[in-house]
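Working notes, beginning with the structure itself.
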Amino acid sequence: MGSCSIVQWSFFSLLWLQIATGTSEVSVKNLRESLEGPFGVTRHQTANPAGKAAARRHIIARFEEYGLDVTVQNFNGSTGAPDKPGTNIIGVKRGKMNGTSDDRIVAVGAHYDTFATTPGVDDDGSGMAAMLEMAMIMTSCTQQRYTVIFVAFDNEEVPVSATRASNTPCDISRGADDFVCSWLLPFLNTTGRPAEFQGIFMLETIMNYDPRPNVQTLPAGFNIFFQPLYQKLQAAEFSGNFITLIRKPEEEELVALVNQTWEDRAKEPVGAVNHDVQVPVPGKPSVAETTTFFDLVGRSDCLSFWVQDPYLRCVFVTDSANYRGSMQQCYHKSCDNVTSITPDKLNFLAKVTDAILQTTMKLAEVNADTCTKVTSAATGLHGTWFIVMLLSLPAWIWSILQYSCTPHVI
Ligand SMILES: *[C@@H]1O[C@H](CO)[C@@H](O)[C@H](O)[C@H]1NC(C)=O
Ligand SMILES: *[C@@H]1O[C@H](CO)[C@@H](O)[C@H](O)[C@H]1NC(C)=O
Ligand SMILES: *[C@@H]1O[C@H](CO)[C@@H](O)[C@H](O)[C@H]1NC(C)=O
Ligand SMILES: *[C@@H]1O[C@H](CO)[C@@H](O)[C@H](O)[C@H]1NC(C)=O
Ligand SMILES: *[C@@H]1O[C@H](CO)[C@@H](O)[C@H](O)[C@H]1NC(C)=O
């Protein structure tokens with residue numbers, strides 16, 4: 001090897017830096033600002049109504065700024081919880097097929113309320129930060145075939161155990177339930193012939209990356225029902241370096257697409273993997289299934305979709321919340337706060353955001369060439385990528401010339 005000068009090395013480093021930051025359009029800075037801003041304080045109707053109202057205003061303002069069609073859905077609570085009024089915020093990005101029965105609608109959701117005793121940075125400020133970032137990027141695109149819905153749910157954190165037993169559609173008492181029954185079903189059926197619902201990605205507590213060994217715990221019975229995955233986690237020394245996609249057999253294709261996107265993307269700031277947890281029973285969950293697999297089937301807003309007839313697809317995307325690392329102590333507690341944010345966790349959150357964003361764009365057939373904030377879509381090199389390549393060209397040429405001019409031994 002020829003000896004490289006300091007200047008030459010700095011060119012190489014610069015080149016590397018350009019590649020490393022040029023592959024993703026998801027901004028870690030934006031994610032951090034969301035988490036340190038409206039999603040870093042308690043958002044609960046009695047414990048901190050002002051914090052919840054501020055978050056709501058923030059979401060509405062952002063959705064409007066991004067040019068989404070915004071609906072503020074006030075509800076009085078479902079039959080299961082008539083005394084729990086709340087407000088979902090819905091932002092629609094219409095595709096070319098909007099308003100026809102040929103539309104194939106796809107959605108992304110997260111909940112903006114918190115449990116009374118926590119600032120809820122991971123649960124679920126992380127999901128909200130990710131969703132707003134996706135909405136911002138996707139609205140920079142001018143051509144898409146199918147409609148995309150972004151929805152910020154209220155009242156995910158309400159007790160549901162008393163009413164879940166019936167597993168009746170529209171009787172689960174969460175905001176997601178009111179969204180599905182009073183808004184989504186009529187929306188799908190605007191023409192009198194229901195449009196297809198491709199599914200919703202439910203972003204539920206998604207930033208707690210913790211690669212240390214022995215930080216991942218699991219719900220009771222996991223080692224029996226999900227043995228192959230359990231063995232993988234065991235072989236990885238129960239490290240908390242993964243995101244989980246919890247779903248039923250109906251979401252096979254959605255998860256396969258997330259998998260592909262996850263692997264395609266060059267951006268790998270942290271050694272994160274994804275795991276697919278398929279609850280084996282297809283269709284509407286029975287009471288027994290919800291009880292047996294409560295942590296997988298019963299605890300997230302996906303239940304409001306899965307209990308419908310016809311079934312509505314939902315993928316529950318999560319870091320496993322109280323089953324991992326510091327969240328074993330901080331789940332629903334004051335220490336799920338802004339001091340827990342680290343660069344690694346933000347990078348992990350960015351990677352998850354990016355994978356779900358790209359998957360949603362594929363499902364909605366967004367033409368990436370029409371986006372101003374997508375820098376390296378799967379369709380090829382263009383936009384910022386091209387500029388990055390162009391800018392690094394002199395560095396390459398100079399390095400090659402320098403190399404061939406310097407005496408070297410191999
Ligand atoms: C909620 O209840 C109040 C009082 O009964 C009623 O005026 C209001 O229209 C209801 N809102 C919705 C969204 O159902
Ligand atoms: C929505 O559909 C109408 C026709 O029904 C069409 O004129 C309009 O351009 C569509 N909107 C978008 C954003 O594609
Ligand atoms: C859709 O709307 C039509 C006409 O209003 C109605 O007959 C049909 O039952 C609806 N379908 C569903 C699944 O709601
Ligand atoms: C997704 O990837 C995970 C991890 O590689 C794998 O175990 C799972 O079977 C894949 N799922 C699908 C539907 O492709
Ligand atoms: C935030 O969490 C840290 C622990 O991670 C704790 O020391 C601190 O007291 C918490 N702050 C508040 C305001 O509760």
Side-chain angles (χ1 to χ4, degrees), residues 35-36 39-42 44 47-48 51 99-101 103 105 114-123 125 169-170 180-197 199 201 207-208 210 215 226-236 239 241-265 268 271-280 282 305 308-317 322 324-342 345 351-352 355-356 359 362-363:
L35 294 169
E36 291 179 346
F39 304 108
V41 294
T42 304
H44 185 267
N48 189 10
T100 75
S101 56
D103 207 348
I105 292 157
T114 64
F115 201 73
T117 48
T118 179
V121 166
D122 190 18
D123 180 12
C170 314
V180 170
C181 297
S182 307
W183 193 89
L184 181 64
L185 295 177
F187 182 83
L188 293 176
N189 198 21
T190 2
T191 62
R193 206 155 63 83
E196 186 190 338
F197 185 67
F201 293 101
M207 75 178 291
N208 189 21
D210 189 343
V215 295
F226 303 97
Q227 210 176 37
L229 181 52
Y230 180 84
Q231 282 162 354
K232 265 196 215 172
L233 300 179
Q234 193 171 35
S239 146
N241 66 346
F242 60 91
I243 194 77
T244 318
L245 306 171
I246 299 169
R247 49 105 182 179
K248 290 164 72 59
E250 283 83 350
E251 287 84 9
E252 176 86 15
E253 281 176 34
L254 292 178
V255 171
L257 203 54
V258 179
N259 272 5
Q260 191 193 328
T261 312
W262 185 270
E263 269 136 42
D264 279 355
R265 303 293 291 166
E268 187 68 56
V273 293
N274 71 341
H275 285 310
D276 176 9
V277 177
Q278 187 193 157
V279 180
F305 292 79
Q308 295 299 321
D309 185 14
Y311 181 92
L312 295 177
R313 285 180 284 264
C314 182
V315 178
F316 169 19
V317 183
N322 53 315
R324 177 179 300 171
S326 62
M327 281 293 274
Q328 290 175 78
Q329 288 82 46
C330 296
Y331 178 70
H332 287 179
K333 299 279 165 50
S334 62
C335 55
D336 178 12
N337 69 27
V338 292
T339 63
S340 66
I341 302 172
T342 64
K345 287 182 185 176
K351 182 163 169 92
V352 174
I356 302 298
T359 306
K362 282 184 201 165
L363 290 166

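We count residues from 1, following the sequence as given. In listed order, ligands and their atoms are each counted from 1.
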For Ser334, the atoms of ligand 5 under 4.0 Å from one of its heavy atoms are 14 (O)
- Say whether His275, considering both its backbone and side-chain N or O atoms, lies within less than 3.5 Å of an N or O atom on ligand 4. no
Between ligand 3 and the protein, which N/O pairs are shorter than 3.5 Å?
{"residue": "ligand 3", "atom": "2 (O)", "partner": "Asn189", "partner atom": "OD1", "Å": "3.3"}
{"residue": "ligand 3", "atom": "2 (O)", "partner": "Asn189", "partner atom": "ND2", "Å": "2.4"}
{"residue": "ligand 3", "atom": "11 (N)", "partner": "Asn189", "partner atom": "ND2", "Å": "3.0"}
{"residue": "ligand 3", "atom": "14 (O)", "partner": "Asn189", "partner atom": "ND2", "Å": "3.3"}

Notebook entry, point to check: So, the side chain of Arg324 versus the backbone of Asn208: is there a donor-acceptor pair under 3.5 Å, distance only?
Noted result: yes
Would Asp123 and Tyr331 count as a side chain to side chain contact (heavy atoms under 4.5 Å, CB included) if you check the C-alpha gap in whole Å, the side-chain angles of each, and the deciding distance to 0.1 Å?
-> CA-CA 8 Å; Asp123 180 12; Tyr331 178 70; 3.5 Å; yes
For residues 186-197, the side-chain hydrogen bond (donor to acceptor under 3.5 Å, both in side chains) pairs (sequence neighbours left out) are Ser101-Arg193, Arg104-Glu196, Glu196-Arg313
For Asn337, the atoms of ligand 5 under 4.0 Å from one of its heavy atoms are 1 (C), 2 (O), 3 (C), 8 (C), 10 (C), 11 (N), 12 (C), 14 (O)
Side chain to side chain contact (heavy atoms under 4.5 Å, CB included) filter on Ala236, not counting sequence neighbours, yields none
Evaluation steps, side chain to side chain contact (heavy atoms under 4.5 Å, CB included), between Leu35 and Met207: CA-CA 11 Å; Leu35 294 169; Met207 75 178 291; 3.7 Å; yes
The residue among Tyr230, Trp262, Phe242 that forms ring pair (Phe, Tyr, Trp, His ring centres under 6.0 Å) with His275 is Phe242
Within the 4.0 Å heavy-atom cut-off, what Glu252 brings close to ligand 4 is both
Rounding to 0.5 Å, atoms CG (Leu233) and CZ (Phe226) come to a distance of 11.5 Å
By side chain to side chain contact (heavy atoms under 4.5 Å, CB included), Asn337 pairs with (sequence neighbours left out) Pro119, Thr339
Does the side chain to side chain contact (heavy atoms under 4.5 Å, CB included) test come out yes or no for Lys248 and Gln278, once each step is laid out?
CA-CA 5 Å; Lys248 290 164 72 59; Gln278 187 193 157; 5.9 Å; no
- What do you reckon, does Asp276 have a nitrogen or oxygen under 3.5 Å from a nitrogen or oxygen of ligand 4? yes
A student checking ligand 4 against Lys232 at a 4.0 Å heavy-atom cut-off should list atoms 7 (O)
